[in-house]
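Just so it is clear, the structure is predicted and the values come from calculations on it, not from any experiment. Along the sequence shown, residues are numbered consecutively beginning with 1. Every heavy atom of this structure was used, including side-chain atoms; hydrogens, water molecules and symmetry mates were not.
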Amino acid sequence: QVQLVESGGGLVQPGGSLRLSCAASGISASIYTLGWYRQAPGKQRELVGTITSRNIITYADSVKGRFTIARDNAKSTVYLQMNSLKPEDTAVYYCYAYRGISGYWGQGTQVTVSS
């Protein structure tokens with residue numbers, strides 16, 4: 001039974017910060033690529049960032065320099081530290097885990113950036 005459970009979303013003002021967490025269970029998270037996608041209303045789901053089992057990190061250009069992805073294998077958790085948030089960052093943020101033919105999604109957590 002694989003579960004990815006996101007937490008940490010909420011309402012924040014422009015320029016503020018949030019940290020999202022995603023706790024994985026039912027998989028050996030240390031050997032998976034972990035990451036975050038986001039989806040705004042009426043738009044396609046888009047990549048935010050990934051971190052491989054070897055700690056190779058990729059970010060979307062739109063968040064580079066503002067967001068930081070990290071993983072804690074002992075806790076089977078991936079984090080997304082979001083700083084300098086902009087209204088265009090408003091979306092549902094989804095955690096994912098991928099390895100070979102196996103891939104899993106979390107349920108999503110809402111992030112709203114607004115004055």
Side-chain angles (χ1 to χ4, degrees):
Q1 181 85 342
V2 177
Q3 284 191 299
L4 302 175
V5 180
E6 301 98 331
S7 61
L11 175 64
V12 65
Q13 293 185 336
S17 297
L18 285 173
R19 187 177 74 158
L20 306 183
S21 299
C22 172
S25 61
I27 58 171
S28 298
S30 63
I31 64 173
Y32 279 72
T33 293
L34 305 175
W36 295 91
Y37 281 70
R38 66 186 182 186
Q39 188 167 23
K43 297 185 178 181
Q44 293 186 225
R45 191 171 297 188
E46 65 176 352
L47 175 71
V48 176
T50 62
I51 181 166
T52 74
S53 62
R54 300 176 68 183
N55 287 311
I56 304 300
I57 294 172
T58 300
Y59 296 108
D61 287 342
S62 59
V63 307
K64 198 171 299 181
R66 299 188 297 120
F67 291 12
T68 303
I69 192 169
R71 63 193 294 158
D72 185 338
N73 289 333
K75 296 181 178 180
S76 297
T77 298
V78 61
Y79 303 95
L80 185 68
Q81 178 67 46
M82 304 185 294
N83 299 325
S84 301
L85 282 161
K86 304 174 180 180
E88 51 262 45
D89 296 318
T90 296
V92 177
Y93 283 70
Y94 296 91
C95 176
Y96 90 96
Y98 173 82
R99 181 177 181 268
I101 63 171
S102 299
Y104 307 96
W105 291 97
Q107 82 287 349
T109 185
Q110 177 71 48
V111 172
T112 302
V113 184
S114 177
S115 300

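With rounding to the nearest 0.5 Å, the separation of CG in Leu18 from OG1 in Thr109 is 9.0 Å. Once rounded to the nearest 0.5 Å, the distance linking OH of Tyr32 with OG of Ser53 reads 11.0 Å. Note that CZ of Arg71 is 4.0 Å distant from CG of Leu34, once rounded to the nearest 0.5 Å. In this structure, CZ on Arg45 lies 12.0 Å from CG on Leu47, to the nearest 0.5 angstrom. Here the CG-OG1 distance, from Leu4 to Thr77, works out to 10.0 Å after rounding to the nearest 0.5 Å. To the nearest 0.5 Å, the span separating CZ on Arg38 from CD on Gln44 amounts to 14.0 Å.
In this structure the side chain of Ser21 never reaches within 4.5 angstrom of the side chain of Lys75, judged on heavy atoms. The closest side-chain heavy-atom distance from Tyr94 to Tyr96 is not below 4.5 Å.
There is a path of hydrophobic side-chain contacts, each under 4.5 Å, that joins Ile31 to Ile57. Under the 4.5 Å side-chain heavy-atom criterion for Ile, Leu, Val, Met, Phe, Trp and Tyr, Tyr37 and Val92 are members of the same hydrophobic cluster. A continuous path of ILVMFWY side-chain contacts below 4.5 Å connects Trp105 to Tyr98, so both sit in one hydrophobic cluster.
Within the structure, no pair that satisfies the ring pair (Phe, Tyr, Trp, His ring centres under 6.0 Å) test touches residues 61-93, not counting sequence neighbours.
Leu20 and Met82 get closest at one heavy-atom pair: CG-CE, 3.7 Å. In terms of heavy-atom proximity, Val2 sits nearest to Gly26 at CG2-O, 3.7 Å.
Partners of Lys64 under the salt bridge (Lys or Arg N to Asp or Glu O under 4.0 Å) rule, at least two apart in sequence or in another chain, are Asp61. Residues passing the side-chain contact (heavy atoms from CB on, under 4.5 Å) test with Val113 are Val12, Pro14, Leu85, Pro87, Asp89, Thr90, Val111, sequence neighbours excluded.
No donor-acceptor distance shorter than 3.5 angstrom exists from the side chain of Tyr104 to the backbone of Gly106, with no hydrogens or angles considered. For Ser84 (side chain) and Arg66 (main-chain N/O), no donor-acceptor pair under 3.5 Å exists by modelled atom type. When atom types are taken as modelled, the side chain of Tyr59 and the backbone of Ile69 share a donor-acceptor pair closer than 3.5 angstrom. The main-chain N or O of Gly108 is found under 3.5 Å from a side-chain atom of Glu6 such that the two form a donor-acceptor pair.
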